Q: 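Can you keep this structure in mind? I'll have questions shortly.
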Amino acid sequence: DAICKISSPGGGDFPREGSGTLVEWAGFVGLLTTHVLIPNLAAALESTVVFNVTGIGEVSVRVPQDAMLISSPALNYTLAMLDSCPPGLMPVPLRRGENCGVQPGDSVQLMQRRGGDRDVCVGKVVSVQSPVVHYSATANGVAEGGAVFMGFDAVALHGGANFGSKIPATTSTRLME
């Protein structure tokens, strides 16, 4: 399961919790989440990252001291490169290209970890205005940093938290272009 729970000091005065995704891009393996959750290398190094792997259990991952970190506050994403793929896990490919192939009406799935459990929300793309895709989904609260999938490819990143129960929402995410 490539979806993890992240506990981070964040960029403010209080710790934050959210989700991240183990991704593969151009031959590299990395952890993809939001800039709000992990704004810099110091926060990445202090974060707790836990995957719940079928047949293995919890697998904790640390971002290496010398990790390359690509982060954008404007687009609200952080990609922290890892030394290797954690045991028992397979990273998901990042879909790239114009609008990542996403079009209005496409079905998408938002995958996240809240607590130890994995949540999956299914929705439809409402509009695409690169680099943002708007989708509508009903969720039991959405953890920041959850990946949005089309098929088996990660196409976007949920960049905000919608807390509450069964919230029907049109939610903005950043496309991975």
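Any value given below was found using the heavy atoms of this structure, including those in side chains, with hydrogens, waters and symmetry copies removed. Keep in mind that what you see is a predicted model, and the values were worked out from it rather than measured.
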Q: Please examine the side chains of Cys4 and Leu22, heavy atoms only from C-beta on, and report whether any two atoms are closer than 4.5 Å.
A: no
Q: Considering non-hydrogen atoms only, spot the tightest contact between Pro87 and Val53 and give its length.
A: O-CG2, 4.4 Å
Q: If you take all heavy atoms of Thr33 and Ser19, which pair is closest and at what distance?
A: OG1-O, 2.8 Å
Q: Could you work out, with side-chain contact (heavy atoms from CB on, under 4.5 Å) as the rule, every residue matching Pro64, not counting sequence neighbours?
A: Asp66, Ala67, Leu82, Asp83
Q: Among Val63, Leu32, Ile6, find the residue that satisfies the side-chain contact (heavy atoms from CB on, under 4.5 Å) test when tested with Ile38.
A: Ile6
Q: Between Val92 and Ala2, which heavy-atom pair has the shortest distance, and what is it?
A: CG1-CB, 4.0 Å
Q: Please identify each residue that fulfils side chain to side chain donor-acceptor pair (under 3.5 Å) with Thr48, with sequence neighbours left out.
A: none
Q: Give me the atom names and distance for the closest heavy-atom approach of Leu45 to Arg62.
A: O-NH2, 2.8 Å
Q: Kindly indicate, with the supporting measurements, whether the criterion side chain to side chain contact (heavy atoms under 4.5 Å, CB included) is fulfilled by Leu31 and Val61.
A: CA-CA 10 Å; Leu31 178 65; Val61 174; over 6 Å; no
Q: Who are the side-chain contact (heavy atoms from CB on, under 4.5 Å) partners of Met90, not counting sequence neighbours?
A: none
Q: With sequence neighbours excluded, what pairs up with Asp106 under the side-chain contact (heavy atoms from CB on, under 4.5 Å) test?
A: Val102, Gln103, Val125, Met150
Q: Which residues pass the side chain to side chain donor-acceptor pair (under 3.5 Å) test with Ser7, sequence neighbours left out?
A: Glu17
Q: Got a sec, which residues hit side chain to side chain donor-acceptor pair (under 3.5 Å) with Thr78, two or more places apart in sequence or on another chain?
A: Ser71
Q: Quick one: are Ser84 and Val29 in side-chain contact, heavy atoms under 4.5 Å?
A: no
Q: If I compare all heavy atoms of Phe51 with all of Ile3, which pair ends up nearest, and what's the gap?
A: CD2-O, 3.7 Å
Q: Would you say Ser107 and Lys124 are linked by a side-chain donor-acceptor pair, where the criterion is simply a distance under 3.5 Å?
A: yes
